[in-house]
Amino acid sequence: MTGRWIFKPFFISFTTLTLILFLVFNLLFNSNYSRKIEEIRINEEARVLSVKRNIEESLTQVYADLAFLNDVIVRHLEHSGPGTTTNLEENLVSFSIRKGIYDQIRYIDTEGNEIIRINKSGSSAVIVAPEQLQNKKIRYYFSSTMDLDKGMVYISPLDLNMENNAVEIPFKPMIRFAVPAIDSTDERRGIVILNYLAGTILERLSDMQSKTECCSNMLLNRDGFWLHSDHFSDFAFRFMFPEQEQIGIFDFFPDEAEMVYSKEEGVLTTGKGIFIWNSIYPGKVSEGFSASDDSRFVKEAEDSCWKNLSFINRGYLDTIRSETIKDVFSNFPIILIMNLVISLLIAYLFFRNRSQKVHMQHLATIDRLTGTMNRQFFLEMAAKSLGLVSRNSGMAAVLFMDLDGFKPVNDTYGHDAGDYVLKQVSSRMTGALRQSDLSARFGGDEFVALLLNLKTKDDIHLIISKIRSEMEAPIYFRNDNLSIGCSIGCAVFPEDGGTVEKLIERADGRMYEDKRKRKGYDWESGEDRQ
């Protein structure tokens, strides 16, 4: 019983506190983990937006440069005669060197003949000699630009430059911007074309790549092929090589790619990681080139759209999760030990409180001197026992006992002797009774007993005889022999009464009858009167 009183409160408190602590730590973990992921997401969104703005600013500058060069070349054509391009070429060389972002600056006449061509050469620029100039009449960009109205711009896809029908090595990413050269009299003089080194954009992307470990930064064309990527660099511009296997983002992330290409911008979290993207339209950043608000102002070689994408893979997110768990739960074992100590303290306090209650209940049910039941508790237990006997149609008996010769002992030897006698009598009475019987000190030198599980009245007489024998045996106190007698009255259930009180009353009366029968011995003086 004692072990259960200790273990149960300990188990309940330890389990409850541990569960509460785990929930608190789990909430703390979720809060910290969500905060870290949110910080990464916000930083990546800001970075992706910054990349978009940087690219758009770069392309806007190209449009401005094209407008400026077109104006310079057309004015020169209007006010200068044929063969007077030297000063213009030198100015274009200076412009090319200062800008450093154009592989070629060309003016091509209406017949497709290159009249002026400035080639970038390292950090410098050179004028291409007349004998090296070519006819570009059959090139797609020439015919497409010649068909444009005044103020319109042609823009090619972002791809790799080709020389002699082969991709130039090393790779040279390129975008061609061209505009029809139309003078103030609306006479078409040819086209002005810039070969923009798109590698400057891609290099800037590398400089602006995420500082977050395991974040993949990508620039994709409208078909989902890589134009730039730090983690998928082997697949960049693979669409320029038809003989190779065409692998794009749809091959790695089919479902996620569908979502990316269905929306202009967004954030998507899946089992593979977090995808953050926006869209860049090279043809929609040409504000300032023309006063026209016509949506057809820019004619693109294709419906050009780049996807600027940041991908945070699941492995990195799991690493953050593991680190957060380690940070949050690192002190959990110490807290658990403290919980163990607290639970033990709670169990001890509960046990002590319960022990005190049991002790108080015990004191409320026993006679403090003899250790037997007290009067009130005996009446309660006897009533319950008689109820059970009644249901089983059994027989019981109540014995009422009063000590003879107790007062002289008390008067002669003092209260210590009297207390000692009462304890001895109680012990002897209990020893004479059976385990199923109940006994109590009823008050003073009076005792009662309830005999249960009786078969015949002979059982009662046998027990009474045994009690008398035990009671009348000498009691030794401090080398003195104390003589004590015992008068006993008996009432049988159910014939003498149906309640404990009735049986005690009847037994008490018979006890006095027994005492009168034993009056031949003077228990007060200890002498035989006959």
Side-chain angles (χ1 to χ4, degrees), residues 55-80 85 88-89 91-96 98-120 125 128 133-159 161 174-198 200-201 280-304:
I55 291 176
E56 290 178 342
E57 289 175 2
S58 298
L59 296 179
T60 299
Q61 184 59 49
V62 175
Y63 282 108
D65 290 344
L66 181 62
F68 170 75
L69 293 177
N70 179 60
D71 185 62
V72 169
I73 292 173
V74 168
R75 286 172 181 259
H76 175 82
L77 294 176
E78 285 183 325
H79 298 94
S80 302
T85 60
L88 175 60
E89 289 174 332
N91 290 333
L92 293 181
V93 167
S94 298
F95 180 87
S96 177
R98 186 173 70 254
K99 290 291 182 178
I101 57 175
Y102 300 114
D103 186 57
Q104 295 179 5
I105 300 175
R106 289 179 290 172
Y107 162 61
I108 302 175
D109 66 16
T110 56
E111 299 300 321
N113 297 311
E114 292 179 335
I115 303 303
I116 299 174
R117 175 172 172 174
I118 309 300
N119 284 356
K120 186 176 183 304
V128 177
L133 297 175
Q134 303 173 33
N135 184 279
K136 300 295 183 179
K137 190 172 185 177
I138 62 174
R139 297 290 289 165
Y140 66 92
Y141 55 81
F142 175 77
S143 57
S144 295
T145 307
M146 284 296 293
D147 291 338
L148 298 180
D149 294 332
K150 186 177 182 179
M152 295 186 68
V153 178
Y154 170 84
I155 178 173
S156 73
L158 170 54
D159 56 18
N161 191 51
M174 193 77 64
I175 307 176
R176 295 174 180 83
F177 294 82
V179 62
I182 300 176
D183 62 21
S184 58
T185 64
D186 292 332
E187 179 182 354
R188 194 174 295 269
R189 297 296 190 97
I191 69 170
V192 176
I193 181 169
L194 294 177
N195 285 18
Y196 174 61
L197 290 170
T200 56
I201 292 179
I280 301 173
Y281 294 90
K284 294 183 179 180
V285 294
S286 53
E287 292 84 353
F289 184 83
S290 171
S292 173
D293 293 329
D294 193 338
S295 61
R296 298 171 298 169
F297 165 62
V298 176
K299 179 179 180 180
E300 298 174 275
E302 57 184 10
D303 183 16
S304 182

Practice task
Show your reasoning for whether side-chain contact (heavy atoms from CB on, under 4.5 Å) applies to Ile193 and Gln104.
Solution key: CA-CA 8 Å; Ile193 181 169; Gln104 295 179 5; over 6 Å; no
Practice task
Quick one: do Val72 and Asn91 satisfy side-chain contact (heavy atoms from CB on, under 4.5 Å)? Show the steps, please.
Solution key: CA-CA 10 Å; Val72 169; Asn91 290 333; over 6 Å; no
Exercise for the section: List the steps and the verdict of side-chain contact (heavy atoms from CB on, under 4.5 Å) for Asp65 and Phe95. Expected result: CA-CA 10 Å; Asp65 290 344; Phe95 180 87; 3.7 Å; yes
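Across all their heavy atoms, Pro180 and Asn70 have their closest contact at O-OD1, 3.8 Å. Of all the heavy atoms in Arg189 and Thr110, the pair that sits closest is C-CG2, 3.6 Å. Heavy atoms only, all atoms of each residue included: Ala178 and Thr145 are closest at CB-OG1, 3.3 Å. Heavy-atom minimum distance, Lys150 versus Asp183: NZ-O, 3.6 Å. Scanning all heavy atoms of the two residues, the minimum distance from Val192 to Ala181 falls at CG2-CB, 4.2 Å. The shortest heavy-atom contact between Arg188 and Leu148 is NH1-O, 2.9 Å.
Shown here are the ring-ring contact (aromatic ring centres under 6.0 Å, His included) partners of Tyr196, two or more places apart in sequence or in another chain: there are none. In this structure, the side-chain contact (heavy atoms from CB on, under 4.5 Å) partners of Ile115, at least two apart in sequence or on a different chain, are Tyr107, Asp109, Asn113. In this structure, Tyr141 has no ring-ring contact (aromatic ring centres under 6.0 Å, His included) partners at least two apart in sequence or on a different chain.
Interatomic distance, CE of Met146 versus CD1 of Ile191, reported as 7.5 Å (0.5 Å rounding). The CE atom of Met174 lies 11.5 Å from the CG atom of Leu194; values are rounded to the nearest 0.5 Å. Remark: Ile116 CD1 to Leu133 CG distance equals 9.5 Å, nearest 0.5 Å. Separation of atoms CD1 (Ile182) and CG (Asp149) is listed at 7.0 Å; rounding is to 0.5 Å. Between the NZ atom of Lys136 and the OG atom of Ser143 there is a distance of 13.0 Å, given to the nearest 0.5 Å. The CG atom of Leu197 lies 8.0 Å from the CD1 atom of Ile101; values are rounded to the nearest 0.5 Å.
Arg176 places a side-chain heavy atom less than 4.5 Å from the side chain of Asp159. Looking only at side-chain heavy atoms (C-beta outward), Phe142 and Lys137 come within less than 4.5 Å of each other. Counting heavy atoms from C-beta outward, Gln61 and Lys99 have side chains that approach closer than 4.5 Å. Residues Ile105 and Leu69 form a side-chain contact, since some pair of their non-hydrogen atoms from C-beta on lies under 4.5 Å apart. The closest side-chain heavy-atom distance from Arg106 to Asn195 is below 4.5 Å.
In this structure a side-chain-to-backbone donor-acceptor pair under 3.5 Å is missing from Ser96 to Leu92.
Using cut-offs of 30° and 60° for the angle between ring planes, the Phe177 and Tyr63 rings count as perpendicular.
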